[in-house]
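To start, the structure itself, in structure tokens.
Small disclaimer: the values here were computed from a predicted structure and weren't measured. Just so you know, ligand 1 is whichever comes first in the structure, and atom 1 is the first atom listed for that ligand.
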Amino acid sequence: MEKKLKPETLCVQAGWQPKKGEPRVLPIYQSTTFKYDTSEQMARLFDLEDSGYFYTRLQNPTNDAVAAKIAALEGGVGAMLTSSGQAANFYAIFNICQAGDHFVCASAIYGGTFNLFAVTMKKLGIEVTFVDVDASEEEINAAFQPNTKALFGETISNPSCAVLDIEKFARIAHSNGVPLIVDNTFATPINCRPFEWGADIVTHSTTKYMDGHATAVGGVIVDSGNFDWEAHADKFPGLTTPDESYHGLTYTKAFGKMAYMTKATAQLMRDLGSIQSPQNAFLLNLGLETLHLRMPQHCRNAQAVAEWLEANEKVAWVNYCGLKGNKYYDLAQKYLPNGSCGVIAFGLKGTREDAIRFMDNLKLACIVTHVADARTCVLHPASHTHRQLSDEQLREAGVAPDLIRLSVGIEHVEDIIADLEQAME
Ligand SMILES: *Cc1c(COP(=O)(O)O)cnc(C)c1O
């Protein structure tokens, strides 16, 4: 029923559905544990034969209401909140990859995800091949191996602002019998719903626009329920063969379209425990209630700032997909017709020191590690978030050494531009 409602209504109303006499506002279930009347009732929960709450590491009603809202916004069958975006991307891959497996990933991605995939997951025996986000279908296909289990990309990449050709990536993934996983953090489901273009699984760092106020680190995984795991049963034994840790239950047989989400919750969250705190889920829900109001303002402001930067003689280059003539303009018109996000990548003429002096002179826009919240902020990835990457890895991730990431907030645009102007002077 929720899926028929418009995104604006879902932002405000989806998820928490109070019954008679219950709080109108989503309560914070600040409880690790939940009560049952008989030992038998509890045993059925442990066998996944009944659904219900028993321990917050696995599920909590506050978290589930917020996850249900995000699932409705993305048009998925289910979702799970995680303690961070990093945890979401790790679980999304680890749910279907094990030691000896491989996946393919667009190289224009967030630096933290790059480290996770290229360094830490490698230590677990899972290999990744990075492909240029703009590579041809043939080049991307060539990266697939018999043990490849997923294709991954970001709708709009952080910080390089590349736009993913989701339909093309979905086609490639499906022709190779694997799901497409899309990190939709920057676009949010207000501006793009990757499932409508063939993506199978969506992840978010909810820390960014979804929370929107920089109050709580968090993540989410959403499943479309569309990928047919049984059709490629040999590739996904974790979903299609019995799980010893649940008395031989097979996720696809027992849970159908919810197989992937159930395994992520019942097995990965049980064992790895990166749950979002109910307090943070409550804050995330408050953010979501205005996501549909904030995103258009971010986009309007960013469009005006990008145009102003492009016309400024001190600016060497601007990457914002809303600019006509931008490399990603056509893809953005297709996938992000109502606007992309508030993040702009640009470079100043002059030296690296000039860029740093410019940033130090900003007054309204603060230098913070954060991105994508209500307050305008700025960052120099090569010296901050991406400083652990080599020059070659930086270039691979589409991050020029002079790239300044400007995250345009929802203040009045004239004040933002005035600040940029005085700092450039
Ligand atoms: C920030 C970010 C992440 C990591 O999320 P955290 O919540 O910081 O762990 C992942 N993907 C993208 C696109 C991001 O911007």
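In summary, of the residues considered (Ile221, Leu124, Thr113), a side chain to side chain contact (heavy atoms under 4.5 Å, CB included) with Phe90 occurs for Leu124 alone.
When hydrogens are left out, the protein atom nearest atom 12 (C) of ligand 1 is Asp183 OD2, 3.5 Å; that is the closest non-hydrogen contact. When only non-hydrogen protein atoms are considered, atom 7 (O) of ligand 1 lies nearest to Thr207 OG1, 2.6 Å.
Near Glu154, meaning under 4.0 Å from any of its heavy atoms, are these atoms of ligand 1: 13 (C). Within ligand 1, counting atoms from 1 as listed, the ones closer than 4.0 Å to a heavy atom of Gly218 are 7 (O). In summary, the atoms of ligand 1 found under 4.0 Å from a heavy atom of Gln86, numbered by their order in the structure, are 4 (C), 5 (O), 6 (P), 9 (O).
The 12-atom threshold is exceeded at CZ of Arg270, counting heavy atoms of other residues, nucleotides or ligands nearer than 6.0 Å. In Lys349, the NZ atom is crowded: over 12 heavy atoms of neighbouring residues, nucleotides or ligands sit closer than 6.0 Å.
For the pair Lys208 and ligand 1, the shortest N or O to N or O distance falls below 3.5 Å. Residue Gly85 places at least one N or O, backbone or side chain, under 3.5 Å from an N or O of ligand 1.
Residues Gln276 and Asn60 are not in side-chain contact: their nearest non-hydrogen atoms beyond the backbone lie 4.5 Å or more apart. Proximity of Met80 to Tyr91: side-chain heavy atoms (C-beta onward) are separated by under 4.5 Å at one or more points.
Ring geometry for Tyr260 against Trp229 counts as parallel: the plane angle stays under 30°, on a 0 to 90° scale with 60° as the upper cut.
In this structure, Ala88 falls outside the shell of residues with a heavy atom less than 4.0 angstrom from ligand 1.
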